[in-house]
Amino acid sequence: MTSIGTPSPLPTTGLADYLATARWFGGKGRDFEVTWVTRIGELPTAQPDLRVVIDVVHVHYVDGDTELYQLPLALYSQPQENLGHAFISWHNEAPEGEPEQWRHAYDAIHDRAAMACWLAGFQSTDVIGAGTGAIGLQFHLEPGCELSSEAQSSPFTGEQSNSSVMFGDDALLKIFRKLTRGMNPDIEVLDVLTQDHSEHVARLYGWLSWDTEEEPLQLAILQQFLKTASDGWELALTSVRNLFAEAAWSAEGEMDANQAGGDFADEAYRLGAALASVHRALAEHFGTTERTAEGVAELIARMRGRLAEAVVAVPELAEFAPGLTELYQGLATLPGTPTQRIHGDLHLGQTLRTVNGWKLVDFEGEPAKPLPQRRQPDSRWRDVAGMLRSFDYAAHSVVMTEVSADLSDEGERELQATGWAARNQQAFLDGYTEEQELTPTESALLAAYVADKAVYEAVYEARNRPSWLGIPLAALGRLG
Ligand SMILES: Nc1ncnc2c1ncn2[C@@H]1O[C@H](COP(=O)(O)OP(=O)(O)O)[C@@H](O)[C@H]1O
Ligand SMILES: O=P(O)(O)O[C@H]1O[C@H](CO)[C@@H](O[C@H]2O[C@H](CO)[C@@H](O)[C@H](O)[C@H]2O)[C@H](O)[C@H]1O
């Protein structure tokens with residue numbers, strides 16, 4: 001296998017502390033060390049005091065796992081006061097015996113001069129590389145896509161696992177932080193949906209790869225920035241809050257989700273229809289396959305395997321294990337169900353409502369899964385299950401974080417939250433199925449995927465937001 005780049009002069013010392021506090025570092029809470037840093041490319045710059053490079057940090061965990069993380073860097077010969085918040089470290093980059101050449105390394109996403117070099121990369125067709133043969137940084141721009149070279153960059157400030165930068169108000173560059181060799185599903189799927197003129201995605205503008213004779217390392221995706229977008233998660237929370245507020249003002253303190261002014265059900269219905277349309281396009285382009293008996297056995301084994309690992313990480317799951325195992329095992333009688341490419345990690349936070357309807361973003365799949373698995377066909381009911389779980393989350397997270405500790409009040413709000421979730425789940429399903437009843441096979445698959453997602457969420461919450469662990473646990477409790 002081609003080694004990744006050449007040794008970088010960036011010192012490993014202190015990088016572990018830097019990673020541990022970075023929003024995008026996925027190894028928080030695990031013991032790790034930074035074993036080395038390599039450089040995979042340098043972009044041309046017209047500024048003599050600035051070098052714009054891409055380094056890769058090699059992380060080694062005590063349990064034997066290794067991971068690669070991308071560090072896009074702006075290296076200045078003098079400290080940059082306005083970039084204090086993006087400072088990473090300094091180093092001498094001159095070879096031994098030569099006069100010292102100190103460099104101050106900053107996270108490039110915060111530096112307009114460095115990001116302008118990235119933007120210029122998309123406007124050039126050259127392979128930029130210090131390497132040999134076909135090895136090098138390759139910017140791809142989709143045919144017919146024009147970028148303004150005047151567009152200034154600003155880092156995206158929302159919650160995310162990677163790092164995004166806006167160029168003007170038209171383009172959004174997402175720099176992948178955790179790197180894995182091979183085709184990135186976010187690029188692959190968005191490419192297909194863009195070619196298909198799907199109304200439900202942001203258009204793909206381009207991407208950046210480090211191309212080699214072997215599998216590429218995909219570094220970033222450039223896409224249309226959806227200017228008028230509102231986050232589906234925030235909209236759903238607003239609807240839940242509205243219901244609670246209206247209920248509190250009403251004479252009896254009671255109200256059902258369908259009576260509230262901020263009812264979300266029509267939006268949930270349209271969101272279901274949008275997902276169905278995306279699924280149809282993916283099935284047409286990538287095709288569908290029927291799950292064989294071996295395929296079903298593998299699915300059950302994966303669900304059971306995830307459960308077994310989850311019980312170790314979250315002992316509270318143990319009481320649900322027998323029921324869940326029985327539920328998963330029930331799928332054994334269902335070979336022949338169709339599979340296809342799907343979103344893979346769908347939740348309300350991956351949906352945006354624009355003036356032109358709902359859009360789905362982030363087709364990378366579940367971050368914890370190995371990349372080849374994320375590109376495998378799966379049942380479309382996995383995505384539907386993800387959304388059903390998300391409606392449950394929206395409702396119960398408001399009760400958990402915003403309702404007063406007055407128990408009588410909380411009990412009433414819990415009932416309303418459950419009603420809100422059920423109403424919107426049903427509306428979403430109706431939109432997805434065009435109001436067709438699910439077959440018993442589809443219902444069984446959906447139930448298993450809902451449970452599997454809740455198990456995944458329990459681990460996710462235990463690691464990232466322990467105070468929210470109760471949300472997936474309560475949902476598993478309700479599954480019986
Ligand atoms: N094309 C876009 N236009 C506007 N906002 C977007 C777009 N794509 C994503 N976002 C916003 O950025 C957030 C993070 O994007 P996402 O692709 O999920 O990043 P990550 O993979 O790093 O989590 C999304 O939740 C959404 O609010
Ligand atoms: O980083 P990603 O967006 O790819 O997804 C991960 O983080 C999500 C949280 O931001 C997590 O989603 C869970 O919490 C959501 C509310 O914050 C909720 O709507 C989802 O239903 C719930 O699964 C997601 O699971 C995780 O992969």
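Remember, it's 1-based here, ligands and their atoms both numbered in the order they're listed.
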Inset, instruction - Using heavy-atom distances, let me know which of W24, F156, W233 sits nearest atom 12 (O) of ligand 1. - result: F156
Legend entry - Check: Y432 ring centre within less than 6.0 Å of W381 ring centre: yes
Legend entry - Region of K174 engaging ligand 1 - heavy atom pairs below 4.0 Å: side chain
Legend entry - Proximal candidate to atom 25 (O) of ligand 2 [heavy atom criterion; set W468, Y456, Y460]: Y456
Inset, instruction - Report yes or no: does a heavy atom of Q160 sit under 4.0 Å from some atom of ligand 2? - result: no
Legend entry - Cation over ring face, R423 and W420, 6.0 Å, 45°: no
Inset, instruction - Identify the protein heavy atom lying closest to atom 26 (C) of ligand 1, giving its residue, its atom name and the separation to 0.1 Å. - result: L352 CD2, 4.0 Å
Inset, instruction - Return yes when E366 approaches ligand 2 closer than 4.0 angstrom through a heavy atom, no otherwise. - result: no
Inset, instruction - Pick one of side chain, backbone, both or neither for how S390 approaches ligand 2, counting any non-hydrogen atom pair under 4.0 Å. - result: both
Legend entry - Over-ring placement of R413 relative to F244, 6.0 Å and 45° cut-offs: yes
Inset, instruction - Starting from atom 23 (O) of ligand 1, find the nearest protein heavy-atom neighbour and note its residue, name and distance. - result: S161 N, 3.1 Å
Inset, instruction - Within a distance under 4.0 Å of any heavy atom of D345, pick out the atoms of ligand 2 and give their elements. - result: 2 (P), 4 (O), 5 (O), 27 (O)
Inset, instruction - Determine, using heavy atoms of S161 and all atoms of ligand 2, whether some pair is separated by less than 4.0 Å. - result: yes
Inset, instruction - Would you kindly check if the NZ (Lys) or CZ (Arg) of R270 is within the cone defined by 45 degrees around the ring axis of W358 and under 6.0 Å from the six-membered ring centre? - result: no
Inset, instruction - Please say whether Q160 places an N or O atom under 3.5 Å from an N or O atom belonging to ligand 1. - result: yes
Inset, instruction - Give the residue and atom name of whichever protein heavy atom lies nearest to atom 18 (O) of ligand 1, and the separation in Å to one decimal. - result: D362 OD2, 3.0 Å
Inset, instruction - Record the part of N162 in heavy-atom contact with ligand 1 below 4.0 Å; permitted values are side chain, backbone, both and neither. - result: both
Legend entry - E284-Q340 side chain donor-acceptor pair, cut-off 3.5 Å: no
Legend entry - Identity and distance of the protein heavy atom lying nearest atom 1 (N) of ligand 1: Q224 O, 2.9 Å
Inset, instruction - Just let me know how K369 lines up against ligand 2, side chain, backbone, both or neither, with a heavy-atom cut-off below 4.0 Å. - result: neither
Legend entry - Contact check, side chains of L388 and Y393, non-hydrogen atoms, under 4.5 Å: no
Legend entry - Side chain proximity check, L473 to F320, heavy atoms < 4.5 angstrom: yes
Inset, instruction - Report yes or no: does E364 have a heavy atom closer than 4.0 Å to ligand 2? - result: no
Inset, instruction - For this output row, return yes or no: ring centroids of F122 and H140 closer than 6.0 angstrom. - result: no
Legend entry - More than 12 heavy atoms of other groups within 6.0 Å of R203 CZ: no
Inset, instruction - Indicate, as side chain, backbone, both or neither, the part of L172 found under 4.0 angstrom from ligand 1 when only non-hydrogen atoms are considered. - result: side chain
Inset, instruction - Look at atom 13 (C) of ligand 2 and say which protein heavy atom is nearest, naming residue and atom and giving the distance to 0.1 Å. - result: R465 NH2, 3.8 Å
Inset, instruction - Any atoms of ligand 2 less than 4.0 Å from a non-hydrogen atom of Q350? List them with their elements. - result: 3 (O), 4 (O)
Legend entry - Contact check: G349 vs ligand 1, nitrogen or oxygen atoms, below 3.5 angstrom: yes
Legend entry - Whether K453 lies under 4.0 Å from ligand 2, heavy atom: yes
Legend entry - Nearest-option assignment for atom 9 (C) of ligand 1, heavy atoms, candidates D186, V361, L222: V361
Legend entry - Shortest protein contact, atom 20 (C) of ligand 2 (heavy atom only): H347 CB, 3.7 Å
Inset, instruction - Give the residue, atom name and distance (to 0.1 Å) of the protein heavy atom nearest atom 23 (O) of ligand 2. - result: E457 OE2, 2.6 Å
Legend entry - Taking atom 27 (O) of ligand 1 as the reference point, the nearest protein heavy atom with its distance: D231 OD2, 3.5 Å
Legend entry - Check: F225 N/O within less than 3.5 Å of ligand 1 N/O: no
Inset, instruction - Answer yes if the side chains of H58 and T66 hold a donor-acceptor pair under 3.5 Å, and no otherwise. - result: no
Inset, instruction - Please check if the distance between the ring centroids of F25 and F32 is under 6.0 Å. - result: yes
Legend entry - Polar contact flag, side-chain donor to acceptor under 3.5 angstrom, H279-D383: yes
Inset, instruction - With heavy atoms only and a cut-off of under 4.0 Å, state how A202 meets ligand 1: side chain, backbone, both or neither. - result: side chain
Legend entry - Residue and atom name of the nearest protein heavy atom (relative to atom 3 (N) of ligand 1), distance in Å to one decimal: L226 N, 2.8 Å
